[in-house]
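Counting starts at 1 for both ligands and their atoms, in listed order. Each residue takes its place number in the sequence, starting with 1.
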Amino acid sequence: MARIIDGKAIAAGIRAQVAGWIGELGIRPRFAVIQVGDEPASTVYVRNKLAACHELGIETAEAALAGTTSQEDLLRIIGDFNDDPSLHGLLVQLPLPPHIRLEPVIEAIRPDKDVDGFHPLNVGRLTVRSRTPYLHPCTPWGIVYMLDTVYPKAGDASGLRGRRITVIGQSLIVGRPLAVMLQNDGATVTMCDRFTGDLGASVRGTDIIVSATGVPGLVDRGLVEAAGRSDLTVIDAGIARVNGKIVGDADPAIYDLVGAITPVPGGVGPVTVAFLMRNILKACCIQRGLPVPGFK
Ligand code: GUN
């Protein structure tokens, strides 16, 4: 039976660390979330993010906007939050309604308040491994942290150096920035998506599969067997609802076949929220010119 990478426990540890740093620094970070429309999954995610803030002593503001809100009104509200000096972190929950263009929305958020790490300046700084503090995207950051628990550092070197890692899913939220972060740690990364013709050929010999497609069962027995190793690690960053139940990309049948795996629910999801908390603290420190605790 695989080692289950317990996202809930890891997330609780990160939240406790952030709460400790907030106490030591004597600061009161403030975070705002904008939701456009009332997509049920987004409402749950927003609620989870706000609950984590309240647990850690992070103040919150929420703009719950009608699904018919215009692009101009949304950009104006982002501008108001950008200009509010009492507010350190801001995100717009995705997906947005189809009449709103994503790119101008992401670019409208002040990069030093962009706690999603989606703004091109933050993505660019990640890509060039900038020494200037910037904000990392939360899900990839959490995934790398979880992988570090399976492949510990050797001295200063990342335990991911030289590992073969197959990322399935090329989204802007997970797959693309994750590939960059893994490459920054010295991993050999193969990028695939749900349309890759022969996934089995792509995963042959891989140490780690990260799947973030939202296609239930995509990582099945056949794919694990194609990887051809009993110590395979699977990070399941997929999420879908099947018959009212939340499921990931991994077929439950593979739990007996792999070395380690993140469950869904209780894996990548809570760790993502914990890293959002870390980003809010980091954004607050950057804006106040304070040293960033645990700076990475
Ligand atoms: N929707 C699903 N994941 C995310 C995320 O990480 N950030 C935002 N803003 N929306 C999401």
Side-chain angles (χ1 to χ4, degrees), residues 7 11 14 31-53 58 60-65 67 69 74-75 77-78 81-82 87-98 100-111 113-120 122-123 126 134-146 167 169-181 210-215 235-241 246-249 262 264-280 282-283:
I14 302 280
F31 162 72
V33 57
I34 300 174
Q35 184 180 352
V36 187
D38 52 7
E39 218 250 316
S42 291
T43 302
V44 172
Y45 295 144
V46 167
R47 200 190 306 142
N48 290 344
K49 291 170 185 179
L50 293 174
C53 287
I58 295 172
T60 59
E62 189 182 0
L65 308 178
T69 302
L74 176 57
L75 293 178
I77 290 162
I78 291 171
F81 281 131
N82 279 343
L87 193 101
H88 309 102
L90 167 63
L91 73 74
V92 178
Q93 186 63 29
L94 304 178
L96 289 166
I100 294 185
R101 281 181 48 229
L102 178 61
E103 200 180 327
V105 170
I106 287 178
E107 295 203 14
I109 296 172
R110 239 177 72 164
K113 294 191 178 187
D114 167 38
V115 285
D116 259 334
F118 295 164
H119 190 285
N122 286 317
V123 177
L126 172 69
Y134 60 92
L135 296 165
H136 293 74
C138 304
T139 304
W141 200 9
I143 290 172
V144 172
Y145 188 89
M146 293 169 105
V167 177
Q170 310 212 37
S171 72
L172 296 175
I173 295 181
V174 185
R176 281 170 197 249
L178 174 64
V180 174
M181 289 179 84
V210 182
S211 188
T213 66
V215 179
I235 302 291
D236 190 348
I239 192 140
R241 194 176 282 268
I246 299 289
V247 298
D249 289 359
T262 61
V264 175
V268 172
V271 178
T272 294
V273 174
F275 273 90
L276 174 65
M277 301 301 110
R278 225 177 129 158
N279 255 357
I280 295 167
K282 187 172 177 182

task: Report the part of Val92 (side chain from C-beta onward, or backbone N, CA, C, O) that has a heavy atom under 4.0 Å from ligand 1; answer both or neither where that applies.
output: backbone
- line: For atom 10 (N) of ligand 1, the closest protein heavy atom turns out to be Leu94 N, 3.0 Å
- prompt: Taking non-hydrogen atoms only, is Asp116 closer than 4.0 angstrom to ligand 1 via side chain, backbone, both or neither?
  reply: side chain
- prompt: Between Lys282 (side chain) and Tyr134 (backbone), is there a donor-acceptor pair under 3.5 Å?
  reply: yes
query: What is the closest protein heavy atom to atom 11 (C) of ligand 1, and at what distance does it sit?
result: Gln93 NE2, 3.4 Å
task: Report yes if some N/O of Thr272 lies less than 3.5 Å from some N/O of ligand 1; otherwise report no.
output: no
- prompt: Tell me, which protein residue and heavy-atom name are nearest atom 4 (C) of ligand 1, and how many Å apart are they?
  reply: Ile173 CD1, 4.0 Å
field: Heavy-atom pair with the smallest gap, counting every atom of Ile100 and Thr69
entry: CD1-O, 3.6 Å
- prompt: Short list, please: which atoms of ligand 1 are under 4.0 Å from a heavy atom of Leu91?
  reply: 9 (N)
query: Between the side chain of Asn82 and the main-chain N/O of Arg110, is any donor-acceptor distance below 3.5 Å?
result: yes
message: Any side-chain to backbone donor/acceptor pair from Thr60 onto Phe31? Under 3.5 Å, distance only.
response: no
query: Would you find a donor on one side and an acceptor on the other, under 3.5 Å apart, between the side chain of Asn279 and the backbone of His136?
result: yes
- request: Mark yes or no for whether Asp236, through its side chain, and Asp249, through its backbone, hold a donor-acceptor pair below 3.5 Å.
  value: yes
